[in-house]
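I have placed the structure first, in the form of structure tokens, so that the comments after it can refer back to it.
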Number of protein chains: 2
Amino acid sequence: MKPARPVRTSAPESSDARTALLDAAERLMLDEGYAAVSSRRLASRAGLDPGLIYYYFGTMDDLFIALFRRGAERSLERQAQALSSEQPLWGLWDMAHDPSDTALSGEFVALANHRKAIRAEIAAYSKKFRRMQLEMVTRVFESHRIDDESWPPAFVLLLLTSISRQLRIEETFGIDIGHAKTIAFIERRIRGLEGERTPRATRRGATRVRARRMGRRS
Amino acid sequence: MKPARPVRTSAPESSDARTALLDAAERLMLDEGYAAVSSRRLASRAGLDPGLIYYYFGTMDDLFIALFRRGAERSLERQAQALSSEQPLWGLWDMAHDPSDTALSGEFVALANHRKAIRAEIAAYSKKFRRMQLEMVTRVFESHRIDDESWPPAFVLLLLTSISRQLRIEETFGIDIGHAKTIAFIERRIRGLEGERTPRATRRGATRVRARRMGRRS
DNA sequence: GTCTATAATCAGATAGAC
DNA sequence: GTCTATCTGATTATAGAC
């Protein structure tokens, strides 16, 4: 029994078409910004009919929310893994330094300006992320007997995440004034606490793993 | 002698209508995001005819560029003043902490993703800003004999500006985890170098209200 | 589930009256 | 300079065939 118009009620949560639409939306958003993600352009990129978007998601807003959630859940998992590794600071720094995550969340922040449903979604997830991070930094700094007065965990956390984000944004604009020195300083400090970065501490292993994963098409 | 279709050639650089359009565009962008700035909505907000946009700016893109330039030039002046005051660090911190500037430039960054003309404009101005800032921090730290190894000027500069921006963004989402402690730490450090913030060092008189709010720690 | 066709709306932009 | 009217095309969303 297949409903003629499931819209936002009982459309299947997982299907090839649904996934293809989300994937295409993500790519489109990264390539040309959220404003470029219209139902028609999205469908044509996915090689599907625009009508399917409304079949699977109900509205474009709901598609954006589904896309955000998917990404947030993935990041949450990766973060949990990175923060529980033996080099949590490297993990945090490398995660915050991820180019596509930064760009995507930037687009969502801009989107949230006039789509209130997105706004609430972002706020909720951001708090989750932040709490996990703060807990980790606090724990690590305590274990290293780092003076709370000279390096408050909350400050260090905001420092790492916001500088990382800012560096990424500026890179896309071709701006790199002071970048090298800033990165060198931060990484020197992390090295002082956790030693040299080992491959295990980084997520996705950047390019190599991803390239390999894209090799297999199912 | 009035041209029937000046479009991007000889439309007057200053007029009440032109200014009203830019003002309305700025407000609209802050209220609902750049995507909400369509010729029709903009004109109706300004109480003018949509046709005037094309008369004064040629295209919507040109309007965005004009708007960005106007804001950037204003900020450049304010920054020059703030950085040449007797409390340049307070000036930098307070400027970077400006809510509307942050929101606006965030919108422009998102806009730049699919309007390449904006992109070049942002990059050029950002470098100007950054150079002025770096020069100031370097000078101030040298005069205070601050060790370049423990507090590299480039790092401190990126720290101040990007944390500031991040705090503002999060505030609009109702997120404040770690904010009070971070602000307290940074302002304590600035106070250590430049003493208590005096009204003169801040622009637009935002100080008093903020200072009161920052009084409490988290 | 996936498509065609279409409704209703809104976008950027121009022509021309005044 | 500012307006009305309009062209063209894109957008969200729905109805219904298969």
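All chains are named by letter (A, B, ...) in the order of the sequence lines, taking the proteins before the strands, and each is independently numbered beginning at 1. Computed from a predicted structure; not experimentally measured.
In the displayed structure, B:Q81 atom CD is contacted under 6.0 Å by at most 12 heavy atoms of other residues, nucleotides or ligands.
Rounded to an integer number of Å, the gap from B:L42 CG to C:dA13 P is 13 Å.
For A:E187 and A:W90, the side-chain atoms include no donor-acceptor pair closer than 3.5 Å.
Counting only heavy atoms from C-beta on, A:S39 has its side chain closest to D:dT12 among C:dT14, D:dT2, D:dT12. For B:Y54, counting side-chain heavy atoms from C-beta on, the closest listed nucleotide (D:dT2, C:dA13, D:dT12) is C:dA13. Closest to the B:L52 side chain, of the nucleotides D:dG1, C:dC3, C:dG12, is D:dG1. Side chain of A:A17, nearest nucleotide from D:dG1, C:dT2, D:dT12: C:dT2. Listed nucleotides D:dT12, C:dA13, C:dC3 differ in distance to A:R40; the shortest reach to its side chain belongs to D:dT12.
Under 4.0 angstrom from either OP1 or OP2 of C:dT2 there lies at least one side-chain N or O belonging to A:Y56.
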Side chain to side chain donor-acceptor pair (under 3.5 Å) for B:Y54 and B:T59? Distances and angles first, verdict last. CA-CA 6 Å; B:Y54 304 99; B:T59 68; over 6 Å; no
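As judged by a 4.0 angstrom heavy-atom cut-off over every strand, B:R41 is placed among residues touching the sugar-phosphate backbone only. Nucleic acid contact class of A:S38 (heavy atoms, under 4.0 Å, all strands): sugar-phosphate only.
Taking 4.5 Å as the limit, every side-chain heavy atom of A:K181 sits out of range of all side-chain heavy atoms of B:F155.
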